[in-house]
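What follows is a single structure, written as structure tokens, with notes after it.
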Amino acid sequence: MTVLEDSPFVRACRGLPGPHTPVWFMRQAGRSLPEYRKIRAGVGMLESCRRPDLVTEITLQPVRRHGVDAAILFSDIVVPVAAAGIDLDIVAGTGPVVAEPIRSAPDLERLRPITPDDVDFVAESVRLLVAELGSTPLIGFAGAPFTLASYLIEGGPSRTYLKTKAMMYAQPDLWHALLGRLSAITLTFLRTQVDAGVSAVQLFDSWAGALSEADYRQYVLPHSAAVLSGLADAGVPRIHFGVGTAVLLEAMGEAGADVVGVDWRTPLDVATKRLGPEKAVQGNLDPAILFAGWETVERETRRVLAQGAAAPGHVFNLGHGVMPETDPEILTRLVALVHEVSGRS
């Protein structure tokens, strides 16, 4: 067993005991860190994701500062669709904005397959990071087909997903063609990261919670499963995460991940009953609790750790990403607390 395979993070993902419960944070690379804001000053988000020197430094910042058990590659979910020929930008304060949304069969032809050469900057970033991180695992990163499709169809972020659902219901052939193409792009993107040396991957289906279980199973699950099953021989743990997915947990567990990320709405012991005894869990402290004072943070962290003990493996995380206003010192203290409370002889 290599040092990385024997790390607390990878062991927890595989349901194996370790010296303590590992912890990392979604959106830990950036936003809340002053050193991130300094290095990103005047550099657009997409450009930042395409520069291996910047990706390396930004990814390493929270590892240095907080002592987390895993790094996550600094990237954005739209990086591979931009590489696939879609004209888009990541607008500060808004998010991804697509110049010409995909709403018809001719539109779909603008979304071409990608090759590893299209995202060679990502592979280079991973290689640089693996060399720097040593015994700290690096998590690969990609958006899931449904969440990517919602941006491409809506043209940007949405609260209602009206255009997305309209295509899903009224044009199912076009819908499945779009998600099939996105699943192939996502699989290539993740496989490129695995081949370059990441120790695990996470598939973010951030907006899947907008769906009923029946719709998720019919319109989304086959495409997420295509990505996750396509990595079954990759030899690295696969994490699957969504927001507002309490009613989807069983279905998301069936998509093929080794670890299911759980947002803060569902207690981890309840999630474990729904997912079954084979799945490790990740989560799930409410990011807002980090603003409620240390006494509350400590109490709620102990609760999450106690509930996470019901699963065969638990990776401590927030129930969604770090908010930009979060005090970085709280995150550093939280990592130390998780390690202390969960430490095993």
Cationic N near anionic O, under 4.0 Å, Glu298 to Arg302: yes
Flag, side chain of Thr147 to backbone of Trp207, donor-acceptor distance under 3.5 Å: yes
Mutual orientation of the aromatic rings belonging to Trp24 and Phe9 [parallel < 30°, tilted 30-60°, perpendicular > 60°]: perpendicular
Salt bridge (Lys or Arg N to Asp or Glu O under 4.0 Å) assessment of Asp258 paired with Lys279: CA-CA 6 Å; Asp258 307 289; Lys279 301 290 183 186; over 6 Å; no
Test item: Leu179 and Tyr219 side chains (from C-beta on) under 4.5 Å apart, heavy atoms: no
Sidechain-backbone polar pair: Ser342 side chain, Thr21 backbone, donor-acceptor under 3.5 Å: yes
Arg303-Gln307 side chain donor-acceptor pair, cut-off 3.5 Å: yes
Under 3.5 Å donor-acceptor, Asn317 side chain and Met26 backbone: yes
Within one Ile-Leu-Val-Met-Phe-Trp-Tyr cluster: Tyr169 and Leu108, side-chain cutoff 4.5 Å: yes
Salt bridge present between Glu124 and Arg50 (N-O < 4.0 angstrom): no
Heavy atoms from other residues, nucleotides or ligands near NZ of Lys163 exceed 12 (cutoff 6.0 Å): no
Any donor-acceptor N/O pair, Arg103 side chain to Glu154 backbone, under 3.5 Å: yes
Which atom of Gly44 lies closest to which atom of Arg40, heavy atoms considered: C-NH2, 3.7 Å
Whether Tyr161 and Phe146 hold their rings parallel, tilted or perpendicular, with breakpoints at 30° and 60°: tilted
Greater than 12 external heavy atoms within 6.0 Å of Glu278's CD: no
N-O pairing of Arg14 and Glu5 below 4.0 Å: no
